[in-house]
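Every chain is numbered from 1, with letters handed out A, B, ... down the list of sequences. Please read these numbers as outputs of a predicted model, since none were measured by experiment. These values consider heavy atoms only, across backbone and side chains, with no hydrogens, waters or symmetry-generated copies.
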Amino acid sequence: MGYDFKEIEDKWQAYWAKHQTFKVSNHSEKPKFYILDMFPYPSGAGLHVGHPLGYIASDIYARFKRHKGFNVLHPQGYDSFGLPAEQYAIQTGQHPAKTTQDNITRYRTQLDQMGFSFDWSREVRTSSPDFYKWTQWIFLLLFDHYYCNESNRALSISSLIDRFDKEGNQKVNAVSDGKIPLFSASEWSTFNMSQQQEILLGYRLTYLSDTEVNWCADLGTVLANDEIINGVSERGGFPVTKKKMKQWSMRISAYAERLLQGLERIDWPESLKEMQRNWIGKSIGAKVFFEIKGSDKKIEVFTTRPDTIFGVTFMTLAPELDLVQEIVQPDQKEAVDAYINETKQRTQRERMADVKNITGVFTGAYVLHPFTGDRIPIWIGDYVLADYGTGAVMAVPCGDQRDYDFANQFDIPIKNIFKDVSIEKEAYTDKANTIIAHSDFLNGLTYKEAMNKVIKVLEEKGSGAGTINYKLRDAVFSRQRYWGEPIPVYYKNGMPQPLSLQDLPLNLPEVEHYLPTPEGAPPLGNAQDWAWDEKARKVVANSAIDHKTVFPLELNTMPGWAGSSWYFYRYMDAQNSDTFVSDEAKNYWQDVDLYLGGSEHATGHLLYSRFWQKFLFDLNLLPVDEYAKKLINQGMILGTSAFIYRKPGTQIYVSKDLLKSDINYEPIRVDVNLINASDELNVEGLKKWQPQFENAEFEFSDGIIKVGREVEKMSKSKYNVVNPDEICEQYGADTLRMYEMFLGPLEQAKPWNTAGMSGVHNFLRKFWKLFYQNDSLIVTDAVPDKKALKVLHETIKKITVDIESFSFNTCVSSFMICVNELTSLNCHSIEILKPLTVLLSPFAPHLSEELWEKLGYTESIVEASFPVFNEAFLVEDEKNYPVSFNGKMRFTLSLSLALDNEAIQQAVLDDPRTMEYLDGKAPKKWIVVPNKIINIVF
RNA sequence: GCCUUGGUGGCGGAACUGGUAGACGCGCUGGAUUCAAAAUCCAGUUCUUUCGGGAGUGUGGGUUCGAUUCCCACCCAAGGUACCA
C-alpha cells in the first residue's frame with residue numbers, strides 16, 4: 001500500500017478537530033508567541049494555490065515555535081465586509097450575509113484540508129455584530145478625542161471643553177482643521193450648542209466635513225487614495241472624478257510624525273517601510289507670509305527652500321483656492337474664470353497624464369516680497385495642488401525646474417541667486433553645493449546656513465516660521481455602501497450625535513434594494529427602520545421621526561479598513577461580550593510577534609491599523625503603540641495564462657510554432673486546465689469548454705496545437721486559476737505544503753507550475769520508506785552509527801537556522817539530502833527517525849503525526865520538543881581535510897572552527913607536502929576555511 | 001524622473017560573516033529491472049576544448065592571495081510613487 005496520504009490526512013484532521021489540539025489558553029508558564037496572518041476576504045471563487053502560501057509559512061513557524069516550547073497564538077478569521085458580496089446582492093437580490101456565509105463555509109473546508117493549526121475557537125468575522133460592535137465603539141472613541149500637540153497624544157474632548165470654558169482656545173495647541181477662529185472663554189460661553197459642536201467637530205479625531213472626495217460614479221461610492229490606481233478605481237477600473245460631499249474623515253494626519261518615528265522600531269521589510277515613509281511624505285521647510293498689495297491680507301506659502309527667497313519672481317496659486325476669487329483683478333477676471341473652468345473639466349487622470357503641457361494665467365494681483373518689498377505677480381497654474389501645503393507656492397525659477405519652465409512659458413524674469421552657477425538651460429537644484437549670492441544677508445552662505453538664518457530672520461520679523469509639512473492626508477471614512485459597519489451616529493438639528501457603548505451594536509438594517517435610493521442617498525436610505533429614538537435608546541421606524549426625540553440615523557457605512565484596523569486584538573479574547581479585549585488577555589499577549597501578508601496593503605491597512613493602534617495606546621486601552629514587531633511579505637503566486645491564436649475573421653486556430661509574422665493573429669485566453677505540461681492544447685476539451693469553440697478548426701503541427709504562455713496575476717477572469725483541492729486530491733496536503741515552500745524564496749513573486757511536484761511527493765514516499773518496507777514497520781532500536789548521527793545533526797542545524805530565517809525553500813532541500821543519505825546508509829534506527837519526524841512535522845504534519853504514532857508515542861507530535869543539534873557530530877572527519885598551499889599568500893584574518901583541534905593541526909603538519917613546504921619553519925598562522933581548506937601563513 | 005528590490009545552467013533556485021560556484025528538485029541522456037509500459041534504482045548533465053586545459057554568476061572598471069558576495073559607473077527587470085513647492 002505504501003504512503004497512503006489520503007487516509008492519513010483524513011485521520012489526523014479528524015483527530016485534531018476532535019481533540020481541539022490547537023486550542024490555546026491565555027494563561028501559560030511558557031513564553032508567548034503570536035503569529036498572525038492577514039485574514040482573507042471570503043470571495044465567491046474560493047481559494048486558489050496562491051492564497052495558502054503565507055498561511056503555510058506561518059503554520060510552519062507556528063508549529064516550530066510550539067516545538068520550541070512557546071505558547072503560540074495562531075488564529076484565523078474573515079474580513080467579511082466588502083464590495084463583491086454587495087454587488088452580487090445587487091445582481092441577484094441575495095442577502096450579502098448569506099453569500100458571505102456560503103463563501104466562508106467553502107473557505108473553511110479548503111483551509112481545513114491543508115492541515116493548518118489554527119485555533120478556530122477564536123475565529124473573528126468583521127461583519128458579525130459581536131465584532132463590529134467594537135469597531136463602532138472605537139469610532140465613538142475617536143469622535144470623543146482630539147490630538148493635543150503639547151502632550152503629543154490624544155486627549156478627551158471633555159478636557160478640551162474644560163479648557164475652552166477657562167481660557168478659550170488661544171493657547172490651545174491641538175490638531176484641527178485650521179479654520180477655527182480664535183475665541184476667549186467668555187466668547188465660548190456665548191456660543192450656542194450648535195456653534196460649540198461645530199467648533200468641537202474641527203478638533204475631533206473623526207470629524208464630518210465637506211471634503212473633495214474621489215467619486216466613482218460607476219461604483220456609486222467614494223474611494224480612498226489607495227483604492228485608486230492610475231486615476232481609475234482599483235476594483236473594476238472605472239473613472240474617478242472629484243466631488244464635494246459631506247463625509248466622515250479620520251484625522252490620521254495628527255499621527256503623521258509618530259507613524260514615521262514608529263517605523264524605526266519595527267522589523268518590517270525596508271521596501272515597505274520606505275513606501276510608508278513616502279506616503280507620509282515629511283518635508284522640512286518654512287512657511288512664509290506675503291502681503292497682498294493693496295490689501296491687509298496675507299498669503300501663506302510653504303517652501304522647502306526658504307534659502308532661495310531672494311530668487312522669488314512670481315507666486316502661483318492652485319486654481320481651486322477660494323482666495324483666487326478675492327484677489328483677481330477685473331481686467332483678468334474673464335481669463336481667470338475661463339482657466340478655472342477648463343481645469344475643472346479635466347479629470348485628475350488627464351491632469352496627471354498631461355504633465356508637460358504648462359498652463360496658467362495671471363490674476364492681475366501682486367504680493368510684496370517680505371525683505372525687498374518688490375512687487376511680485378500672482379499667477380494661477382494647475383501644477384500647484386490645492387491640497388498640499390497651503391495651495392500656494394513662492395516660485396523661484398532659478399532653483400526649481402517647474403517654476404523655471406513656468407517662467408519661460410510666460411516670459412517671467414528669472415533671477416539667479418547662486419554663486420558661479422549657470423542657469424541658462426535649466427534650474428539649479430543641487431542643495432549640497434549651493435552658495436547663495438545676490439541675496440542681501442544670505443550672501444555667501446551654504447544651503448544649510450542660509451536656511452537657518454532666513455528662518456530666524458523671518459520669525460523675528462513675524463513674516464514666517466520654520467515648519468514641517470506632511471503629504472499624508474486625513475482618511476475619508478464614509479462609504480455609500482450597504483455591506484459595511486453602520487456609523488453609530490444620528491443627526492439632531494443637523495449636528496451629528498454619537499450613540500454610546502450600551503447602544504451598540506447598531507445592527508445593519510434590512511433593505512429591499514442594495515442600490516442607492518432614487519434620490520441618490522446611500523443604500524441605507526432604503527431601510528424602513530432607520531431612525532433613533534433618543535428616549536428609548538433604540539432603532540425605530542423612519543415614520544416615527546419627529547425631530548424632538550426621534551432622529552434620522554447616519555446613512556453611510558464604514559470603509560473596508562475599519563474592521564481590519566484592530567481585529568488582531570480581538571483574537572486574544574474573541575468571545576468577550578463585556579469588552580473588546582480583556583486586560584488579562586492583552587497584557588498576556590501584548591502584540592503580534594510575526595505578521596505575514598502581502599505588500600499590497602502597505603499604504604492602506606498597514607498604515608491605518610498603526611494609526612488606530614497609537615490612538616488606542618494613547619487611551620491606555622492597548623499596552624504597546626506598535627502592534628507587529630516583525631512583518632514578512634509573502635510574494636504573490638502568479639498564474640501562467642495560456643493563449644491560442646485565431647486567424648482574423650475565421651474560426652481557425654493555429655499552433656503557436658506555425659504562426660507567420662505577417663498575420664495579426666488574435667490571441668485568446670483559454671483555461672490552463674486544458675493544457676498539458678508540454679504546452680499542448682486538449683482540443684476536444686476546448687470544444688466542450690465554451691460554445692464559441694464548438695465548431696473551431698485547427699492548423700496542427702504534428703497533430704498538436706501549441707499554446708502561448710504568459711505569466712500574470714492569478715484570476716478567474718484570466719482562466720489561469722489552479723485550485724488547491726485538486727492538488728490535495730492527487731498528491732495530498734503535505735506535498736502541497738512542502739511544494740509551495742520549495743517553489744522559491746517566500747518573499748519573491750513566482751509563477752505557479754507543477755513541474756517539481758513529483759520530486760517533493762517522491763521525497764515524502766522515501767521518507768515513509770525509512771519506516772516501512774512491504775507494509776511492515778522496519779524501525780529498529782539499534783544504536784545508530786556515527787555517519788548517520790552526523791547526517792541527522794547537520795540536518796537539525798540546517799533546518800533550525802533556516803526556519804528561524806524563514807528560508808523554507810532550503811529546508812526542503814536539506815530534508816531531501818538527509819533522507820537520501822539515510823536511505824543509502826540503510827539506517828532505520830529509532831534514535832535517528834524520532835527526531836527526524838519532529839523535524840519534519842511543521843512541513844508535513846499529517847505524515848509526521850502518523851509516523852509518530854507508529855513509533856509508539858501516545859501524545860500528539862505537536863507536544864514534542866524540537867531536536868537540538870549536537871556540535872560534536874558536526875566536526876569533520878580529520879583525515880578528509882584537503883590541504884592547499886600557496887606560498888605567496890599573506891593572511892590577515894583567521895577563521896577559526898577546527899583550529900583548536902590539535903589532532904587536525906598535527907595531521908596537517910605530518911602531511912609530507914606540508915613538511916616539504918614549511919622546510920623546518922614553524923607556521924605563524926593557520927587559516928582554516930571551515931570544512932574546506934587549510935591555508936598556512938608564515 | 002525618484003525610491004525599493006533583484007539579475008547565477010534548459011528551468012525553479014543553492015552558496016553562512018569574501019574561501020572548491022551551480023546544493024536540492026525538475027527536465028534531459030545513458031544503463032539496470034520488465035514481454036512491454038508505468039513505477040523504482042544506478043550513472044551523467046554550466047559552456048568550451050586539440051582532453052593538457054580554458055572561460056564562466058547582467059556589462060565595464062576597482063579593492064583582495066582569492067569576489068556571485070565589498071566599492072564605483074552603467075544596462076536590464078519587477079514593485080512602489082509621481083507636478084508634494
Hey, does [X] reach any base, or is it just sugar-phosphate, or nothing, if we go heavy atoms under 4.0 Å?
| X | result |
| --- | --- |
| A:N809 | sugar-phosphate |
| A:Q748 | sugar-phosphate |
| A:S271 | sugar-phosphate |
| A:K798 | nothing |
| A:N820 | sugar-phosphate |
| A:N762 | sugar-phosphate |
| A:E274 | sugar-phosphate |
| A:P751 | nothing |

Closest to side chain of [X], choosing from [options]:
| X | options | result |
| --- | --- | --- |
| A:A755 | B:A23, B:C26, B:A85 | B:C26 |
| A:K750 | B:C41, B:G13, B:C84 | B:G13 |
| A:V393 | B:C84, B:A85, B:C83 | B:A85 |
| A:P745 | B:U40, B:G13, B:C84 | B:G13 |
| A:K471 | B:A85, B:C3, B:C84 | B:C84 |
| A:Y383 | B:C83, B:G25, B:C84 | B:C83 |
| A:L385 | B:C83, B:C24, B:G13 | B:C83 |
| A:I817 | B:G13, B:C24, B:U40 | B:C24 |
| A:W279 | B:U81, B:A39, B:C84 | B:U81 |

With a 3.5 Å limit on both atom pairs, tell me what [N] is paired to, counting Watson-Crick and G-U wobble, or say none.
| N | value |
| --- | --- |
| B:A73 | B:U59 |
| B:C41 | B:G31 |
| B:U17 | none |
| B:A78 | B:U4 |
| B:U68 | none |

Would a 4.5 Å heavy-atom cut-off, applied to side chains only, mark A:L260 and A:L472 as touching?
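Side-chain contact under 4.5 Å: no.
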Quick check: on RNA chain B, is the nucleotide nearest A:N278 upstream (toward 5') of the one nearest A:M275, or the reverse? Name the residue that is more 5'.
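With A:M275 and A:N278 compared, the 5'-side residue is A:N278.
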With nearest nucleotide decided by heavy atoms, which residue, A:D802 or A:L743, maps closer to the 5′ end of RNA chain B?
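Nearest-nucleotide comparison on RNA chain B picks A:L743.
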I need the [atom1]-[atom2] distance between [X] and [N], as an integer number of Å.
| X | N | atom1 | atom2 | value |
| --- | --- | --- | --- | --- |
| A:H761 | B:A39 | NE2 | P | 12 Å |
| A:M636 | B:U5 | CE | C1' | 15 Å |
| A:F763 | B:C24 | CZ | P | 14 Å |
| A:L607 | B:U81 | CG | P | 13 Å |
| A:I380 | B:A85 | CD1 | P | 22 Å |
| A:N753 | B:G25 | CG | C1' | 11 Å |
| A:R402 | B:A85 | CZ | C1' | 5 Å |
| A:K766 | B:U40 | NZ | P | 9 Å |

Under 3.5 Å, is there a donor-acceptor pair between the side chain of A:N469 and the main chain of A:S283?
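Between the backbone of A:S283 and the side chain of A:N469 there is no qualifying donor-acceptor contact (under 3.5 Å).
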Between the main-chain N or O of A:Y447 and the side-chain N or O of A:T434, is there a donor-acceptor pair closer than 3.5 Å?
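No.
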For a side chain to side chain donor-acceptor pair (under 3.5 Å) check, start with the C-alpha distance between A:D405 and A:Q409, then their side-chain angles and the critical distance, and finish with the verdict.
CA-CA 6 Å; A:D405 295 339; A:Q409 176 80 21; over 6 Å; no
Write down the distance separating the [atom1] atoms in [N] and [M], rounded off to the nearest Å.
| N | M | atom1 | value |
| --- | --- | --- | --- |
| B:G27 | B:G12 | P | 15 Å |
| B:G6 | B:G58 | P | 13 Å |
| B:A15 | B:G25 | P | 16 Å |
| B:C70 | B:C51 | C1' | 37 Å |
| B:A21 | B:A55 | P | 13 Å |
| B:G9 | B:U46 | C1' | 5 Å |
| B:A38 | B:G30 | P | 13 Å |
| B:C16 | B:U68 | P | 12 Å |

Contact summary for A:I423 and A:Y404, nearest pair of heavy atoms:
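Looking at all heavy atoms of both residues, the closest pair is O-OH, 2.9 Å.
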If you take all heavy atoms of A:C398 and A:I417, which pair is closest and at what distance?
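Looking at all heavy atoms of both residues, the closest pair is SG-CG1, 3.6 Å.
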Anti or syn - B:G9, cut at 90° from 0:
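It is syn.
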Determine if the base of B:G52 is syn or anti; take syn to mean the glycosidic torsion is within 90° of 0.
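Judged by the O4'-C1' to base torsion, B:G52 sits in syn, the angle falling within 90° of 0.
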[X] vs [N]: side-chain N/O to OP1/OP2 distance below 4.0 Å:
| X | N | result |
| --- | --- | --- |
| A:T810 | B:C24 | no |
| A:Y388 | B:A85 | yes |
| A:R277 | B:U81 | no |

Just how far is it from atom CD of A:E740 to atom CG of A:L736, taken to the nearest 0.5 Å?
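Interatomic distance, A:E740 CD to A:L736 CG, rounded to 0.5 Å: 4.5 Å.
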A:Q276 CD to A:T603 OG1 distance, which is reported to the nearest 0.5 Å:
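So the gap between those two atoms works out to 8.0 Å.
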I want to know whether A:Y739 and A:Y731 have ring centres closer than 6.0 Å.
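No, too far apart.
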